[in-house]
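Just the heavy atoms: all of them, side chains too, but no hydrogens, waters or symmetry mates, feed the values below.
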Amino acid sequence: AVQRGAVVLTRTRVTSATRMGDLWEVVTEGPNGTHTHTARALVNAGGPWVEDVIRNVVRINTTEGVRLVRGSHIVTRKLYDHDRCYFFQGTDGRIIFAIPYEQDFTLIGTTDQDHDGTPAEARCSDAERDYLLAFANSYFAKALTAKDVVWTYSGVRPLYNDGASSASAATRDYVLTLDGQGAPLLSVFGGKITTYRHLAASAVDRLVPLVPALTGRPWTHAAPLPGGDFPKEQRDSITARLRARRPDLAAPVVARLVRCHGTLALAEEGPVAVSPAQDGEDFGHGLFAREVDWMMAREWARTAADVVWRRTKLGLRLTADQIAALDVEDLAVIDAGTFDGLTAAQIGGLTLAQVQGITTDQAAVLTTAQVAALSTLQLSALETVDLRELSTAAIAALSTAQAAALNVGQVAALTPTQIAALETADLAAMSTAQFAALGSDQVGALRTAQVAAVRAAQLAALGPDALAALSPG
């Protein structure tokens with residue numbers, strides 16, 4: 001999404017959304033404070049919070065609601081050696097599965113329980129754990145007990161409330177509702193990860209008649225995710241190439257890296273270093289600082305739990321002390337008045353997590369020398385709201401490599417004044433994707449010398465409105 005121009009704001013809450021004529025005014029609150037955004041349309045994909053968003057954020061009365069159904073899972077040590085999965089029929093008419101999980105484990109699930117608490121409180125109860133154990137024990141030769149369970153997790157299904165008598169009977173189909181009274185509001189009830197692409201295309205189809213700016217042809221059905229640009233038959237070949245490059249890594253580690261990152265594991269600037277000397281700190285079980293930095297810069301990891309449970313499942317292997325070592329110093333304790341006293345060497349030595357923790361006040365006092373000391377990877381990790389706070393002098397001091405490293409979301413966030421401050425060589429080094437992210441206000445601020453320095457392909461990438469913003473001179 002970011003490669004196509006999206007701006008991602010993690011750990012940021014929408015506090016209000018209000019129709020202002022034919023636009024939405026959306027207020028967000030996050031690590032970098034409160035900000036106001038405008039949008040032509042609003043998509044409420046709040047998952048289990050979808051109804052709460054309608055009632056308490058958008059503040060619209062609705063008769064539609066969501067039914068929260070909790071699905072819990074248990075994980076045990078590997079119960080069998082082959083790579084097949086099992087589906088078991090229970091005496092209550094339900095079906096559960098047992099599938100190979102993370103190489104050395106077996107995943108057993110799932111339950112169907114109405115969930116009365118908040119979605120964040122979803123936990124596998126002892127009763128659910130025992131239910132799954134008894135279910136599995138009616139099939140497996142080896143009897144399982146609670147001591148065999150190494151981890152549990154639960155998710156909340158946000159099912160459309162169709163009035164079904166039981167959680168199991170509630171519809172699993174997603175439902176899209178559209179409120180077109182003014183600026184459009186599309187709400188998504190239900191949906192699951194296995195059909196998310198189809199749901200996304202359906203959502204856009206519903207909005208097209210009301211949002212003329214939505215042009216082009218559907219593409220999401222065939223576009224690979226980053227690193228997934230290879231047929232599954234080539235996985236062994238990619239694994240062999242990575243093992244040849246990094247023979248020091250254990251086979252299970254290489255297998256995990258390929259599963260997590262695909263072809264990105266072979267990229268020179270990717271999550272896996274070309275040589276052990278570039279690995280950085282070893283957190284255990286093949287997790288090095290290089291990969292953690294990558295997850296923070298490219299996958300929005302912010303906490304240790306993000307890394308070991310949400311981006312990977314290394315929490316099954318790492319000790320509590322190893323996980324704690326992932327947490328880094330919070331730069332928020334340094335006030336802006338002393339932040340500008342950090343040397344260029346200190347700035348260049350910041351971890352990506354620390355760069356991501358820079359506040360808008362701290363960004364505003366960064367000197368040209370400090371900004372110049374940021375590596376291209378550090379700069380790409382800087383939040384868009386913080387990038388907008390950099391002085392024009394700091395922007396003008398960016399190297400060509402730094403300017404070329406800005407992601408499209410960062411380019412789109414630059415102010416017109418910052419765009420005008422870029423050196424002509426920096427602007428000429430930008431990709432067509434970066435140019436396509438420029439808005440009409442930014443293009444209108446370009447100086448004649450800047451326009452003269454850009455390539456024809458860059459100008460061709462501009463949208464019609466942005467191109468029209470160029471002055472006749």
Can you see which heavy atom on [X] is nearest to which on [Y], and at what distance?
| X | Y | value |
| --- | --- | --- |
| D426 | L398 | OD2-O, 2.9 Å |
| T432 | A461 | O-CB, 3.5 Å |
| Q370 | V365 | OE1-O, 3.9 Å |
| R4 | A223 | NH2-CB, 4.5 Å |
| V188 | V50 | O-CG2, 3.4 Å |
| C124 | S154 | N-OG, 2.9 Å |

If you round to the nearest 0.5 Å, how far is [atom2] of [Y] from [atom1] of [X]?
| X | Y | atom1 | atom2 | result |
| --- | --- | --- | --- | --- |
| L326 | D321 | CG | CG | 11.5 Å |
| N44 | F189 | CG | CZ | 7.0 Å |
| T195 | Y174 | OG1 | OH | 6.5 Å |
| L42 | L23 | CG | CG | 11.5 Å |
| I99 | T106 | CD1 | OG1 | 9.0 Å |
| C260 | L314 | SG | CG | 7.0 Å |

Counting only heavy atoms not in [X], do more than 12 fall under 6.0 Å of its [atom1]?
| X | atom1 | value |
| --- | --- | --- |
| R241 | CZ | no |
| Q103 | CD | yes |
| R40 | CZ | no |
| R243 | CZ | no |
| R55 | CZ | yes |
| Q278 | CD | yes |

Side chains of [X] and [Y]: closer than 4.5 Å at any heavy-atom pair?
| X | Y | answer |
| --- | --- | --- |
| K313 | V75 | no |
| H221 | R197 | no |
| T34 | T15 | no |
| L264 | P226 | yes |
| L257 | P271 | no |
| W49 | I54 | no |
| M430 | L422 | yes |
| V58 | D179 | no |

Between [X] (side chain only) and [Y] (backbone N and O only), is there a donor and an acceptor less than 3.5 Å apart?
| X | Y | answer |
| --- | --- | --- |
| T12 | T10 | yes |
| T312 | V307 | yes |
| R235 | A255 | no |
| R447 | A420 | yes |
| R311 | E299 | yes |
| Q434 | A403 | yes |
| W24 | H37 | no |
| R290 | G280 | no |
| Q3 | A433 | no |

Taking the basic N atoms (NZ, or NE/NH1/NH2) and the acidic carboxylate oxygens, is any pair closer than 4.0 Å for R11 and E383?
no
Run D282 and F288 through side-chain contact (heavy atoms from CB on, under 4.5 Å) and show every step you take.
CA-CA 5 Å; D282 182 357; F288 296 98; 3.5 Å; yes
Would you say the side chains of E291 and H261 form a donor-acceptor pair under 3.5 Å?
yes
Using a distance-only test with no angle check, is there a side-chain donor-acceptor pair under 3.5 angstrom linking S440 and D465?
no
Partner of E102 by salt bridge (charged side-chain N to carboxylate O under 4.0 Å, His left out), out of K78, R259, R77
R259
side-chain contact (heavy atoms from CB on, under 4.5 Å) between V14 and V53, worked out
CA-CA 9 Å; V14 176; V53 170; over 6 Å; no
Would you sort out whether W219 and R217 count as a side-chain contact (heavy atoms from CB on, under 4.5 Å), showing the intermediate values?
CA-CA 6 Å; W219 55 267; R217 304 183 64 178; over 6 Å; no
side-chain contact (heavy atoms from CB on, under 4.5 Å) evaluation trace for L242 with R245
CA-CA 5 Å; L242 184 57; R245 191 172 78 178; 4.1 Å; yes
Exactly one of V443, L427, V411, V408 clears side-chain contact (heavy atoms from CB on, under 4.5 Å) with F435, and that residue is L427
